[in-house]
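Single-structure report; data block below.
Basis for what follows: all heavy atoms, side chains included, without hydrogens, waters or symmetry-related copies.
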Amino acid sequence: MTLPHRPRTPEITVAEAVERARSGDAVLLDVRETPEFTAGHAPDAVFLPLSALAAGADLPAEARGRRVLALCRSGNRSRQATEILNGRGIDTVNVAGGMHAWEQAGLPVRTAGGGPGQVV
């Protein structure tokens, strides 16, 4: 039996995500839950938990009309967010490896106050 072909979720590396976000070409959207985001997130990331997104929440104003780079802890929830948003017609790409890959690449992790954060 052949399974139906499911399109692959578009994704990029954290290095590509940093470049696109810095150039203004896209916005990072962190879809983890509040305690995770508060503990540490990518600088300049906007926040919308996957739970709210799945319940029908709109994108934060900073992300509207822009390409979205979905980010979570490992890449699984952001993959789901990418599928939801692309289904709504919003140009979205998953950041492969999520915040674990971000941290492993030596990229900064910040708290809401701007201090050093941690990925939980």
Side-chain angles (χ1 to χ4, degrees):
M1 179 170 110
T2 304
L3 295 175
H5 176 69
R6 182 176 170 199
R8 192 176 147 206
T9 303
E11 63 181 30
I12 59 174
T13 66
V14 292
E16 292 169 315
V18 167
E19 185 59 35
R20 288 185 182 180
R22 283 185 183 155
S23 74
D25 177 51
V27 62
L28 289 165
L29 178 70
D30 195 314
V31 298
R32 296 175 299 153
E33 295 301 316
T34 301
E36 295 170 289
F37 184 80
T38 302
H41 56 271
D44 300 322
V46 296
F47 177 57
L48 178 63
L50 177 61
S51 57
L53 181 63
D58 289 331
L59 282 175
E62 304 92 334
R64 292 183 197 142
R66 298 178 69 191
R67 172 174 252 189
V68 174
L69 309 175
L71 184 66
C72 69
R73 183 175 56 217
S74 67
N76 292 322
R77 286 176 284 177
S78 55
R79 183 175 299 113
Q80 293 173 42
T82 299
E83 291 172 3
I84 290 168
L85 291 169
N86 281 334
R88 292 183 188 175
I90 298 166
D91 184 11
T92 308
V93 179
N94 181 42
V95 179
M99 287 300 296
H100 283 308
W102 184 276
E103 190 174 47
Q104 289 172 351
L107 295 166
V109 177
R110 299 284 180 249
T111 64
Q118 62 182 14
V119 177
V120 295

Are there more than 12 heavy atoms of other residues, nucleotides or ligands under 6.0 Å from atom CG of Asp44? no

Check Val95 against Val14 and note the closest heavy-atom contact, atom names and distance. CG1-CG1, 3.7 Å

Donor-acceptor check, side chain of His41 to backbone of Val109, threshold 3.5 angstrom: yes or no? no

If I compare all heavy atoms of Asp30 with all of Ala45, which pair ends up nearest, and what's the gap? CB-CB, 4.4 Å

Which pair of heavy atoms, one from Pro10 and one from Thr92, lies closest together, and at what distance? CG-O, 3.6 Å

Can any side-chain N or O of Trp102 pair as donor or acceptor with the backbone N or O of Pro108 at less than 3.5 Å? yes

Interatomic distance, Ser74 atom OG to Arg79 atom CZ [nearest 0.5 angstrom]: 8.0 Å

In one Ile/Leu/Val/Met/Phe/Trp/Tyr side-chain cluster, 4.5 Å: Ile84, Leu48: yes

Testing the basics here: between Ala17 and Leu28, what is the closest heavy-atom pair and its distance to 0.1 Å? CB-CD2, 4.2 Å

To the nearest 0.5 Å, what is the distance between CD1 on Ile12 and CZ on Arg67? 7.5 Å

Between Arg73 and Met99 (side chain of the first, backbone of the second, donor and acceptor by atom type, cut-off under 3.5 Å), is there such a pair? no

I need the minimum non-hydrogen distance between Gln80 and Leu50, along with the two atoms involved. OE1-CD2, 3.4 Å

Out of curiosity, Asn86 CG to Thr9 OG1, how far, rounded to the nearest 0.5 Å? 8.0 Å

Spacing of Arg77 atom CZ and Leu53 atom CG [to the nearest 0.5 Å]: 12.5 Å

Output for pair (Asn76 CG, Asn94 CG), nearest 0.5 Å, gives 8.5 Å

Say whether, by atom type as modelled, one donor and one acceptor occur between the side chain of Arg64 and the main chain of Leu59 under 3.5 angstrom. yes

Can you name the nearest heavy-atom pair linking Ala96 to Ala101, along with the distance? O-CB, 3.8 Å

Taking a hydrophobic cluster as the set of Ile, Leu, Val, Met, Phe, Trp and Tyr residues connected by side-chain heavy atoms closer than 4.5 Å, whether directly or through intermediates, do Val46 and Val31 fall within one such cluster? yes

Please determine whether residues Leu71 and Val119 belong to a single hydrophobic cluster, defined as Ile, Leu, Val, Met, Phe, Trp and Tyr linked transitively by side-chain heavy-atom distances below 4.5 Å. yes

Gap between atom CG of Leu69 and atom OG1 of Thr82 - 0.5 Å precision: 9.0 Å

